[in-house]
> 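Below you'll find the structure I mean.
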Amino acid sequence: MIVWLNGTHGAGKTTTSALVQQLLPDSRVFDAEKVGEALMDIKPGLPALGNFQHWPPWRALVVETARRVLDYTGGTLVMPMTVLVEEYWREIGAGLAQHAIPVRHFVLHADQETLRGRIEGDPDMGPSAFRLKHLEPYAEAARTWLHADAEVIDTTRLTPGEAARRIVEAVKS
């Protein structure tokens, strides 16, 4: 099984995924961003499209990597990864379904003011224009398809631990 934690930057995906992994027996965290980083290291580079998610190999490799890891280890993969393009989410979901891999799709949500404050006050990354520019695309995806497609966990007033417990309770129920 895959527990996919979606949502924009600042919603708490990375922190929450580590806590979900600790609470969910036989689980591992797989950050699909690492697949994108590997593709960005190709020299000469792939076409400049502004985001590695626009490269079709990224989506196919995320599916293939998840499948291979699950075939090897069994259990659950907890995947913290923002996917805001519905077509890309559908492609990944269809690929996982072809391998009969069930997916629980959660969106960690917070209001725009909270997200902006988290991004601007991030003690590890510092303020990030890259992360801030994704707030509006997230809001658009949330309005048009994302929240209807997933189980939404509003993290505005939750600690990461509380969010993780809600996710694990939902997965186990």
> Grab the two heavy atoms, one from A66 and one from I2, that are nearest each other, plus how far apart they are.
CB-CD1, 3.9 Å
> Do you know which of I92, L77, L96 makes side-chain contact (heavy atoms from CB on, under 4.5 Å) with V103?
L96
> Before you tell me yes or no, could you show the steps for L23 and E169 under side-chain contact (heavy atoms from CB on, under 4.5 Å), namely the whole-Å CA-CA distance, both residues' side-chain angles and the distance that decides it to 0.1 Å?
CA-CA 10 Å; L23 295 170; E169 287 170 10; over 6 Å; no
> Taking the side chain as C-beta and beyond, is there a heavy-atom pair between D149 and E86 under 4.5 Å?
no
> Please determine if R143 and E136 form a salt bridge, counting it only when a charged side-chain N lies under 4.0 Å from a carboxylate O.
yes
> Could you go through R68 and E64, starting from their C-alpha distance and side-chain angles, then the distance that decides it, and tell me whether this counts as salt bridge (charged side-chain N to carboxylate O under 4.0 Å, His left out)?
CA-CA 6 Å; R68 297 268 180 174; E64 188 62 17; 2.7 Å; yes
> Would you say the side chain of V85 lies within less than 4.5 Å of the side chain of N51, judging by non-hydrogen atoms?
no
> Could you state whether L49 and Y88 fall into the same hydrophobic cluster, counting links through intermediate Ile, Leu, Val, Met, Phe, Trp or Tyr residues with side-chain heavy atoms under 4.5 angstrom apart?
yes
> Please check this pair: side chain of T155 against backbone of H109, looking for a donor-acceptor N/O pair closer than 3.5 Å.
yes
> Using the rule that Ile, Leu, Val, Met, Phe, Trp and Tyr join whenever any side-chain heavy atoms are under 4.5 Å apart, tell me whether V3 and Y72 fall into a single cluster.
no
> To the closest 0.5 Å, what do you measure between CH2 (W58) and CE (M40)?
12.0 Å
> With heavy-atom distances below 4.5 Å as the criterion, would you say the side chains of M81 and K13 are in contact?
no
> Tell me, with the steps shown, if D122 and R118 meet salt bridge (charged side-chain N to carboxylate O under 4.0 Å, His left out).
CA-CA 6 Å; D122 189 312; R118 288 177 184 171; over 6 Å; no
> Taking the side chain as everything from C-beta on, heavy atoms only, tell me whether L158 gets closer than 4.5 Å to R166.
yes
> Ignoring hydrogens, what is the shortest heavy-atom contact between L19 and A164? Give both atom names and the distance.
CB-CB, 3.6 Å
> Using modelled atom types only, decide if a donor and an acceptor are shared between the side chain of Q53 and the backbone of T82 within a distance under 3.5 Å.
yes
> From L132 CG over to L115 CG, what is the distance, rounded to the nearest 0.5 angstrom?
9.5 Å
> Could you tell me whether the side chain of T65 reaches within less than 4.5 Å of the side chain of K34, counting heavy atoms only?
no
> Any non-hydrogen side-chain atom of K172 less than 4.5 Å from a side-chain atom of P25?
yes
> Measuring from T14:OG1 to L5:CG, what's the distance to the nearest 0.5 Å?
9.0 Å
> Hey, mind stepping through V63 and H99 against side-chain contact (heavy atoms from CB on, under 4.5 Å) and telling me if it holds?
CA-CA 9 Å; V63 169; H99 298 291; 4.1 Å; yes
> What are the two closest non-hydrogen atoms of V29 and S17, and how far apart are they?
CG2-O, 3.6 Å
> Taking R104 for the side chain and A170 for the main chain, is one N or O donor matched with an acceptor at less than 3.5 Å?
yes
> Looking at every heavy atom in both G10 and R131, which two are closest together, and how far apart are they?
N-NH2, 3.5 Å
> What are the two closest heavy atoms between V83 and W89, and how far apart are they?
CG1-N, 3.8 Å
> Out of the candidates L70, L24, D26, only one should pair with T76 under the side-chain contact (heavy atoms from CB on, under 4.5 Å) rule; please name it.
L24
> Same hydrophobic cluster for F52 and W4, using side-chain heavy-atom links shorter than 4.5 Å among ILVMFWY?
yes
> List the atom of E91, the atom of P56, and the distance in Å for their closest heavy-atom pair.
OE2-O, 4.4 Å
> Between the main-chain N or O of P47 and the side-chain N or O of W55, is there a donor-acceptor pair closer than 3.5 Å?
yes
> Please examine the side chains of T16 and F106, heavy atoms only from C-beta on, and report whether any two atoms are closer than 4.5 Å.
no
> Under 4.0 Å between a side-chain nitrogen and a carboxylate oxygen: does that hold for E113 and R116?
no
> Please check if the side chain of Q21 supplies one atom and the backbone of S27 the other of a donor-acceptor pair under 3.5 Å.
yes
> If I take atom CE from residue M79 and atom CZ from residue R28, how far apart are they, to the nearest 0.5 angstrom?
14.0 Å
> Step by step, would you call I167 with E151 a side-chain contact (heavy atoms from CB on, under 4.5 Å)?
CA-CA 9 Å; I167 291 164; E151 300 171 65; over 6 Å; no
> Cluster question for you: counting only ILVMFWY and a side-chain heavy-atom cut-off of under 4.5 Å, with indirect links fine, are V107 and V20 together?
no
> Are Y138 and H9 close enough that their ring centers fall under 6.0 Å?
no
> Is there a path of hydrophobic side-chain contacts, each under 4.5 Å between heavy atoms, that joins M1 and V69?
no
